[in-house]
Amino acid sequence: MPMYDMNDMVELKKRKKRKKMITRLIIFMVLIVAASSAYLTKESWLPKLRGLGKQYTTIVNDGKLAEGNFPIEINGSVNYQTDCADSCVIVLNDAYIYFYSEEGGLIKKRQHAYTNAVMNAMNDKVLVYEYGGNRFSVEDRTGIIYSQQLDENIIFARLSKEGYTAVVTTSQKYECEVSVYDSRGEVIYERKCIQKVSDISFTENSTGCIIGYIYAENGSLVTSVQEAEFTVSGEKWTSPGLDTFGLDVYSFSDGAFVLGIDACGYVDKSGQISSFYRYDGDYEDGSSSNGQSAVIINNDDRRKYVMALFDGGGKEPIIIGFETPLIDVAVSGGLAYVMTQNAVLAYDFTGSLRSTASVNDSYTGFVRSESYVFLKSFSKIDRINYES
């Protein structure tokens with residue numbers, strides 16, 4: 001055992017004391033640096049901290065119907081179409097297209113003379129085409145921007161935010177053909193397809209598109225999607241087949257969402273299936289925007305009515321149950337709006353109820369604008385204020 005004299009013991013105690021003082025000084029300096037850094041960067045982290053645990057208060061809208069020019073009475077066929085664009089309510093029936101202000105005043109009325117007319121509105125423009133015919137036009141509230149008459153018949157057409165138009169037509173040699181027109185009506189892209197095209201969705205800034213194809217695989221109909229750029233031949237990627245008959249395809253920054261008749265799923269930007277969800281009941285409606293999607297499913301036999309919310313690919317859906325059948329759904333501004341038989345409700349994509357409004361059971365659907373919800377029935381359109 002080592003031996004220490006008194007001087008050694010005193011020196012040892014002094015060393016321990018100095019070591020403690022140095023350690024405390026280092027810890028103090030680290031805390032000062034951390035506090036200074038936190039203070040200097042508070043604008044980036046403080047808002048997030050304040051948001052932790054925040055509970056939104058559910059807004060209860062009164063659901064009172066607007067008066068004055070409302071309701072907008074629908075003449076002609078009950079199979080009318082309506083949408084909102086550029087602070088306008090656009091209504092299409094068998095013979096005419098109408099532009100109304102959000103206050104219900106008539107801005108413009110034009111006879112379209114299309115058989116089986118179909119409308120697709122986006123931003124400040126609306127596309128009207130003749131399903132099974134060979135004509136289409138793009139217009140706004142001031143008049144027709146351009147129109148085209150084609151050699152083949154139109155299967156369907158889609159309009160982009162920038163005013164580009166994708167038209168899928170029949171073909172003599174192929175299953176179908178795709179033609180894309182710019183905002184002036186000039187053809188900028190063409191594609192011959194050997195498989196049935198189910199839907200087209202434009203990518204950001206209309207530089208390309210996502211194309212959905214339906215084909216048979218192992219005795220079932222499946223849906224594959226691929227991304228194409230308008231300035232490059234071929235395609236960027238093609239996904240495997242999703243086991244569903246695809247109805248709609250939605251593009252977003254991380255890939256695409258495929259909405260099918262009995263299932264839905266996400267495809268990532270490398271073309272791989274990142275998630276898949278099969279419905280437990282009958283598909284009623286679906287919607288998607290910026291990768292956030294909502295699907296409503298009614299199972300009358302089990303009296304089970306649900307809305308499935310998807311906050312992007314690769315994530316499990318949030319399932320919200322209801323007591324009565326669901327009628328319509330729309331994703332807008334980061335919220336999912338759903339119509340039941342007696343209410344329009346808005347949920348965020350954590351599943352929290354953000355707002356409600358009571359309605360009666362005579363409505364068949366709705367359209368959401370920035371400030372209002374327009375309620376559709378068989379012969380009229382009503383409006384309610386809706387804060388969410």
Side-chain angles (χ1 to χ4, degrees), residues 83 85-86 90 112 114 117-214 223-239 246 248-258 267 269-271 288-290:
D83 209 338
D86 190 29
I90 306 169
H112 57 71
Y114 290 173
V118 181
M119 178 181 74
N120 182 206
M122 190 68 68
N123 284 359
D124 61 339
K125 298 178 178 63
V126 58
L127 162 70
V128 181
Y129 66 91
E130 188 175 27
Y131 171 71
N134 64 349
R135 297 174 296 165
F136 75 90
S137 62
V138 176
E139 61 188 285
D140 59 19
R141 63 168 73 191
T142 64
I144 295 177
I145 300 170
Y146 70 87
S147 61
Q148 295 284 355
Q149 184 164 336
L150 311 178
D151 294 331
E152 300 291 340
N153 293 330
I154 299 172
I155 301 172
F156 69 85
R158 298 289 183 264
L159 183 67
S160 79
K161 293 179 180 179
E162 290 73 28
Y164 287 39
T165 305
V167 183
V168 180
T169 62
T170 57
S171 174
Q172 298 294 325
K173 298 181 179 179
Y174 301 90
E175 179 67 30
C176 60
E177 298 184 22
V178 177
S179 300
V180 178
Y181 299 79
D182 65 15
S183 58
R184 300 183 302 274
E186 301 294 329
V187 176
I188 61 168
Y189 179 80
E190 292 181 303
R191 191 178 189 88
K192 317 296 184 184
C193 305
I194 60 174
Q195 295 169 331
K196 176 181 173 61
V197 175
S198 61
D199 195 19
I200 292 179
S201 177
F202 286 89
T203 56
E204 189 176 4
N205 299 321
S206 299
T207 58
C209 63
I210 302 292
I211 306 174
Y213 296 97
I214 293 176
T223 303
S224 173
V225 292
Q226 65 180 202
E227 181 177 355
E229 292 184 338
F230 298 146
T231 58
V232 180
S233 61
E235 54 278 338
K236 291 182 67 175
W237 50 258
T238 301
S239 79
D248 299 304
V249 173
Y250 298 87
S251 169
F252 70 108
S253 59
D254 289 331
F257 175 69
V258 179
V267 175
K269 55 187 176 183
S270 64
S288 184
S289 177
N290 296 322

With rounding to the nearest 0.5 angstrom, report the [atom1] to [atom2] distance, [X] to [Y].
X	Y	atom1	atom2	answer
F156	C176	CZ	SG	7.5 Å
F257	I210	CZ	CD1	14.0 Å
D86	R141	CG	CZ	4.5 Å
S253	N290	OG	CG	7.5 Å
E186	Y146	CD	OH	9.5 Å
K269	T203	NZ	OG1	13.0 Å

Return the minimal non-hydrogen interatomic distance between [X] and [Y], and the atom names on each side.
X	Y	value
V180	A166	CG2-CB, 4.2 Å
N153	G132	CG-O, 3.4 Å
V178	C193	CG2-SG, 3.9 Å
S183	I145	O-CG2, 4.0 Å
Q226	T238	NE2-OG1, 3.0 Å

Strictly distance-based, threshold 3.5 Å: is any side-chain N or O of [X] a donor or acceptor partner for the main-chain N or O of [Y]?
X	Y	value
E227	G208	no
S179	V167	no
S224	S239	yes

Hey, are the side chains of [X] and [Y] touching, using non-hydrogen atoms and a 4.5 Å cut-off?
X	Y	value
V126	D83	no
E229	K236	yes
T231	Y189	no
D182	F230	no

Taking side-chain hydrogen bond (donor to acceptor under 3.5 Å, both in side chains) as the test, write out the residues that go with S171, two or more places apart.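 If we apply the side-chain hydrogen bond (donor to acceptor under 3.5 Å, both in side chains) test to S171, skipping adjacent residues, the hits are E177.
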Which residues pass the side-chain hydrogen bond (donor to acceptor under 3.5 Å, both in side chains) test with E235, not counting sequence neighbours?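 side-chain hydrogen bond (donor to acceptor under 3.5 Å, both in side chains) list for E235, sorted by chain: R191.
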Indicate whether the side chain of T169 and that of E152 have a donor and an acceptor atom separated by less than 3.5 Å.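 Not at all, the side chains of T169 and E152 share no donor-acceptor pair under 3.5 Å.
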For residues 161-182, which residue pairs qualify under ring-ring contact (aromatic ring centres under 6.0 Å, His included), counting only residues two or more places apart or in two chains?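 Those involving residues 161-182 are F136-Y181.
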Any side chain to side chain donor-acceptor pair (under 3.5 Å) pairs touching residues 123-134, not counting sequence neighbours?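 Found E130-R135.
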Y250: partners by ring-ring contact (aromatic ring centres under 6.0 Å, His included), with sequence neighbours left out: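 With neighbours one apart ignored, the set is empty.
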Neighbour count >12 (heavy atoms, 6.0 Å) for atom CD1, I144: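 More than 12 within 6.0 Å, yes.
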Under the criterion side-chain hydrogen bond (donor to acceptor under 3.5 Å, both in side chains), I'd like the reasoning laid out for T207 against N205: C-alpha separation, chi angles, the key distance, then a yes or no. CA-CA 5 Å; T207 58; N205 299 321; over 6 Å; no
Side-chain donor-acceptor contacts of residues 195-202 below 3.5 Å, not counting sequence neighbours, with atom names and distances?
residue	atom	partner	partner atom	Å
S198	OG	G212	O	3.3
D199	OD1	R158	NE	2.8
D199	OD1	R158	NH2	3.2
D199	OD2	V249	N	2.7
S201	OG	S251	N	3.0

